[in-house]
Amino acid sequence: MIRTENLHKSFTIEGKGTLHVLRGVNEHVAKGEVVSIIGPSGGGKSTFLRCLNLLETPEEGKIFFEGVEITNSKVDINVHRQKMGMVFQHFNVFPHLSVKENITLAPVLLKKKTQAEADDMAMELLNRVGLADKVDEHPGRLSGGQKQRLAIVRALAMEPDVMLFDEPTSALDPEMVGEVLDVIKRLVKDGMTSVIVTHEMGFAREVSDRILFMDEGVIAESAKPEELFAHPQNPRTKEFLSKVLY
Amino acid sequence: MIEYFENIVKILAQYWQIFVLKGIGYTLLLSAITVFFGAILGVFLCLGRMSRFKPLNWLVVAIVEVVRGTPILLQLYVGYFLVPKLLPFTVSDFFSVCVALIINSACYVSEVFRSGIQAVDKGQTEAARSLGLNASQTMSRIVLPQAIKNILPALGNEFVMIVKETSLASTFFIGELMTSYLIVKGRTYLTMECLLIVGVLYFVLTFILSKGVGAFERRLKAHD
């Protein structure tokens with residue numbers, strides 16, 4: 001479903017020179033697959049994820065999504081982004097819109113649904129994540145966990161083929177992590193193709209079909225969760241896992 | 001002291017129309033025209049400033065820097081002498097001064113717009129783009145509605161500033177409040193009294209306006 005070839009990305013930081021964040025990433029995420037990406041900070045996990053829907057533009061390499069090379073400058077990325085939902089660390093819900101408007105804005109504006117259809121779907125989605133009573137509130141009234149559940153539902157309203165999660169629980173108070181992970185778990189169980197950047201090792205182990213360990217801009221190891229956690233092959237994976245509590 | 005007071009009462013009795021009707025009238029008119037057209041021109045400057053077309057970018061930066069880096073009185077002089085020369089038809093002094101004030105205000109306001117837009121969290125743009133919205137949909141539906149809350153109060157404050165800055169237009173005798181002072185002082189030779197009257201009027205004007213802006217700002221915040 002998503003395939004990357006030799007992705008390279010660097011950032012120029014003023015005063016610090018150039019940071020080569022991705023150094024040739026080759027990966028393939030199959031339809032229905034759930035892939036979690038773990039690894040130390042600065043290893044390129046989030047950058048890789050953000051490259052997949054071109055929020056970051058790689059300098060080198062190709063990305064194929066459902067058979068189309070989206071890194072080709074002739075491709076209208078906006079069309080393909082509609083099929084790739086993204087959930088951010090800091091929620092990024094729209095504070096000037098009500099909960100319902102947050103969900104219905106994109107489907108209606110992009111003419112995927114009429115307002116009435118979108119409203120119905122918003123209610124159904126909100127029911128699923130237990131936010132039905134907040135439908136007319138503004139996000140300012142929601143807790144962090146509720147905001148993130150709203151953000152997930154907002155992405156789902158576009159009926160994406162794949163969901164990208166960028167550290168979805170890292171900005172949450174500990175007591176709210178569970179409610180968000182539960183929503184993602186259910187989603188994954190229903191067969192949603194997902195790529196999840198996370199620091200929640202227990203969660204990654206439980207839901208993933210495959211774990212990627214990223215370090216220094218490359219995928220250092222890729223394996224089934226049982227294998228990667230029990231018998232890490234790469235010394236850097238071993239070192240990382242020995243430092244992480246889960 | 002009593003004498004001062006008596007003089008002020010006498011001046012007001014005789015010349016109140018010059019102060020209140022003409023002076024305040026022209027000051028408010030000049031300020032309103034300046035802020036209104038300054039805001040419109042400011043939008044275009046801001047667009048140029050944020051455009052991806054680099055030469056346009058540099059041009060706007062140059063204009064804004066020059067205007068911000070030179071005294072407004074000098075700009076009024078330039079407008080006063082230059083505008084009539086550039087236009088094929090005769091224009092009033094009021095018009096020329098207005099043009100200079102508008103350009104000055106537009107430059108300040110364009111920076112207000114820009115910082116208001118840039119103050120909106122980048123994550124908002126990313127979220128909107130990740131849903132498939134294009135750049136202009138993102139700007140009009142997500143960024144601008146949030147930026148407006150940063151911009152409107154600052155625009156109100158700009159209006160208060162302009163009210164005070166229009167006093168410089170009296171150099172060209174165009175009838176606003178400070179011109180009233182020059183007229184009445186010229187007839188009565190009572191400098192301090194006239195200054196006091198005009199000072200109080202300016203203060204009342206800006207005080208009411210800035211309280212109004214403050215109340216408006218609180219209402220915007222209450223909506224969040």
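Lettering of chains follows the sequences in order, A, B, ..., and the numbering in each one begins at 1.
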Inset, instruction - Indicate yes or no: at least one non-hydrogen side-chain atom of B:Val60 is less than 4.5 angstrom from one of B:Phe44. - result: no
Once side-chain contact (heavy atoms from CB on, under 4.5 Å) is applied, do any residues pair with [X], and if so which ones, sequence neighbours excluded?
X: B:Ile183; answer: B:Ile18, B:Lys22, B:Phe173, B:Thr179, B:Arg187
X: B:Leu168; answer: B:Ile72, B:Leu73, B:Leu76
X: B:Phe203; answer: B:Phe207

Inset, instruction - Please state whether the side chain, the backbone, both or neither of A:Met158 comes within less than 4.5 Å of a heavy atom of chain B. - result: side chain
Legend entry - A:Leu105 versus chain B, the contacting section by heavy-atom distance below 4.5 Å: side chain
Inset, instruction - Please look at B:Ala128 and chain A and tell me whether the side chain, the backbone, both or neither of the residue comes under 4.5 angstrom of a heavy atom of that chain. - result: both
Inset, instruction - Would you please indicate yes or no on a ring centroid separation below 6.0 angstrom for B:Phe172 and B:Tyr77? - result: yes
Legend entry - A:Phe165 and A:Phe88 aromatic centres sub-6.0 Å: no
Legend entry - When A:Ile77, A:Val87, A:Val93, A:Val79 are compared by non-hydrogen pairs under 4.5 Å with chain B, the top option: A:Val93
If the cut-off is 3.5 angstrom, what donor-acceptor pairs do you find between chain B and chain A?
from: B:Gly123; atom 1: O; to: A:Asn92; atom 2: ND2; distance (Å): 3.1
from: B:Gln124; atom 1: NE2; to: A:Val93; atom 2: O; distance (Å): 2.8
from: B:Glu126; atom 1: OE1; to: A:Arg50; atom 2: NH1; distance (Å): 2.9
from: B:Glu126; atom 1: OE2; to: A:Arg50; atom 2: NH1; distance (Å): 3.4
from: B:Glu126; atom 1: OE2; to: A:Arg50; atom 2: NH2; distance (Å): 2.7
from: B:Arg129; atom 1: NH2; to: A:Asn78; atom 2: OD1; distance (Å): 3.1
from: B:Arg141; atom 1: O; to: A:His96; atom 2: NE2; distance (Å): 2.9
from: B:Gln146; atom 1: NE2; to: A:His96; atom 2: ND1; distance (Å): 3.3

Inset, instruction - Return yes when atom CE of A:Met176 has more than 12 non-hydrogen atoms of other residues, nucleotides or ligands closer than 6.0 Å, and no otherwise. - result: yes
Legend entry - Enclosure of B:Tyr26 OH (heavy-atom neighbours >12, cutoff 6.0 Å): no
